[in-house]
Amino acid sequence: MQAARLFFTEKLLEWNQEHNSRSMPWKGEKDPYRIWLSEIILQQTRVEQGWPYYERFISQYPTANDLAAANEEEVFRLWQGLGYYARCKNMLAAAREISQTYLGRFPDKYEQINALKGIGPYTAAAIASFAFNLPYAVLDGNVFRVLSRFFGIDTPMDTTAGKKLFADLAQELLPKDKSAIYNQSIMDFGAVVCKPQLPECDTCPLQKKCAAYHEGTVSLLPVKTKKLQIKKRYFNYIIASWKDQIYIRKRTESDIWQNLHEFILLETAAPADSTQILSGTDFQQIFGEAAYETTRISKPFKQQLTHQTIHSQFINIAIDQPLEIPGYQLIPTASLDNFAFPKTITSFLQSKTGLLL
DNA sequence: AAACCGGGGTC
DNA sequence: GACCCAGGTTT
């Protein structure tokens, strides 16, 4: 076992020297703020998808103090389209913590880093090792996969016992004096060679001692137990306009898209056409007997989230006098760009069936 | 421990 | 359609 472990770390570092192919703007970066920002953006996000966001954030907010002082809505607009919006909110809170408690100087102790909002074990280990060369092994999707395959571990990774097992193993394997380069290597290796699908076992430098390769279980590892259920939801958006203004609100309930904005939402349990919506009790509760004119009805929009499929429809109506609608605010249509919206709404706004009344 | 949180890419 | 992505927080 010990021999396999030495073989593993040695070959991995060797592979990294020969194939340092994944270039990224934050590679070799030593500024903890920049490392932190990239790691937050890359949580559950592909490098190619997060890259442009990272560059925009760095250019807009070069330091933690800049981010701490930023206008919140502006930050959410910069994050718009990236998903998992709690990351953005937590990132702002952490930036303010760094600015106030640590006077703008990024903390350099693992426990302090781990205690920041939005930073968990993975991100703390990444910052600690990359920025401060502290001996903490990263454990992300790549590491789970590489370790489970090479060592032939079929313990489910999405359980408490599994996480501890893999975390302990990862920490034991870490060469303490090369934590930055080793952490970098194992994640690159998982992304380039030991990929989830169609891994390149034929040319893999670890093949000789890879348990899964010899047992023919590569495609079965890592093991997960939980299967997610996807529910369908039907969002009927009323875009009510009065003169050059429309009603929007910020989503604050514990639900998807927190801190993003939307139009007047009438959610139904099943698909509903515009006639049903406009004659429904939810609509009448808001608009009562107010006079309105239907100006446009959009095509159906569909968006796939991790746990939900959102079917949306947009109905434009024009009212002839302003109403007080609880929870909603009336804003100039021209100022829509100042607010962050979920993808399905920006898609609608950019489509031909948009707001042109 | 389980549920929840986006958007995009790949097969 | 299923799975995954430089995961973390809430319930």
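Proteins come first, then strands; the chains are lettered A, B, ... in the order of their sequence lines, and each starts at number 1.
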Legend entry - Touch class at under 4.0 angstrom, heavy-atom based, for A/Leu82 against every strand present: base
Legend entry - Check: C/dG7 base within 3.5 Å donor-acceptor of A/Tyr122 side chain: no
Inset, instruction - Describe the nucleic acid contact of A/Thr123 in one word from base, sugar-phosphate, nothing, applying a heavy-atom distance below 4.0 Å. - result: sugar-phosphate
Legend entry - Closest-nucleotide ordering on DNA chain C, the 5'-leading residue of A/Gly141 and A/Arg46: A/Arg46
Inset, instruction - Examine C/dC3: is either OP1 or OP2 under 4.0 Å from a nitrogen or oxygen in the side chain of A/Lys227? Give yes or no. - result: no
Legend entry - Under-3.5 Å donor-acceptor pair between A/Thr306 side chain and B/dG6 base: yes
Inset, instruction - Rounded to the nearest angstrom, tell me the gap between atom CE in A/Met91 and atom C1' in B/dC5. - result: 16 Å
Inset, instruction - Measure from CG on A/Asp255 to C1' on C/dT10 and round the result to the nearest Å. - result: 14 Å
Legend entry - Residue met sooner reading DNA chain C from 5', once A/Lys117 and A/Thr45 are mapped to nucleotides: A/Thr45
Inset, instruction - Flag the pair A/Phe263 / A/Phe235 as yes when at least one side-chain heavy-atom distance between them is below 4.5 Å, and no otherwise. - result: no
Inset, instruction - Test the A/Arg5-A/Phe8 pair against the cation-pi criterion, namely NZ or CZ under 6.0 angstrom from the six-membered ring centroid and within 45° of the ring axis. - result: no
Legend entry - Donor-acceptor pair under 3.5 Å, A/Arg87 side chain vs B/dC5 base: no
Inset, instruction - For C/dC4, take OP1 and OP2 only and decide whether either is under 4.0 Å from a side-chain N or O of A/Arg145. - result: no
Inset, instruction - Determine the contact category for A/Asn183: base if any of its heavy atoms lies under 4.0 Å from a base atom, sugar-phosphate if only primed atoms, P, OP1 or OP2 are that close, otherwise nothing. - result: nothing
Inset, instruction - Determine whether the aromatic ring centres of A/Tyr85 and A/Phe76 lie less than 6.0 Å apart. - result: no
Inset, instruction - Measure distances between side-chain N and O atoms of A/Gln44 and base N and O atoms of C/dA6, and say whether any donor-acceptor pair falls under 3.5 Å. - result: no
Inset, instruction - Just call it for A/Gly81: base, sugar-phosphate, or nothing, with non-hydrogen atoms closer than 4.0 Å on any strand. - result: sugar-phosphate
Inset, instruction - Quick one: label A/Glu48 by what it contacts on the DNA or RNA (base, sugar-phosphate, nothing), any heavy atom closer than 4.0 Å. - result: nothing
Inset, instruction - Using distance alone, with no hydrogens and no angle criterion, decide if A/Thr101 and A/Glu97 have a side-chain donor and acceptor under 3.5 Å apart. - result: yes
Legend entry - A/Gln308 vs B/dC5: side-chain N/O to OP1/OP2 distance below 4.0 Å: yes
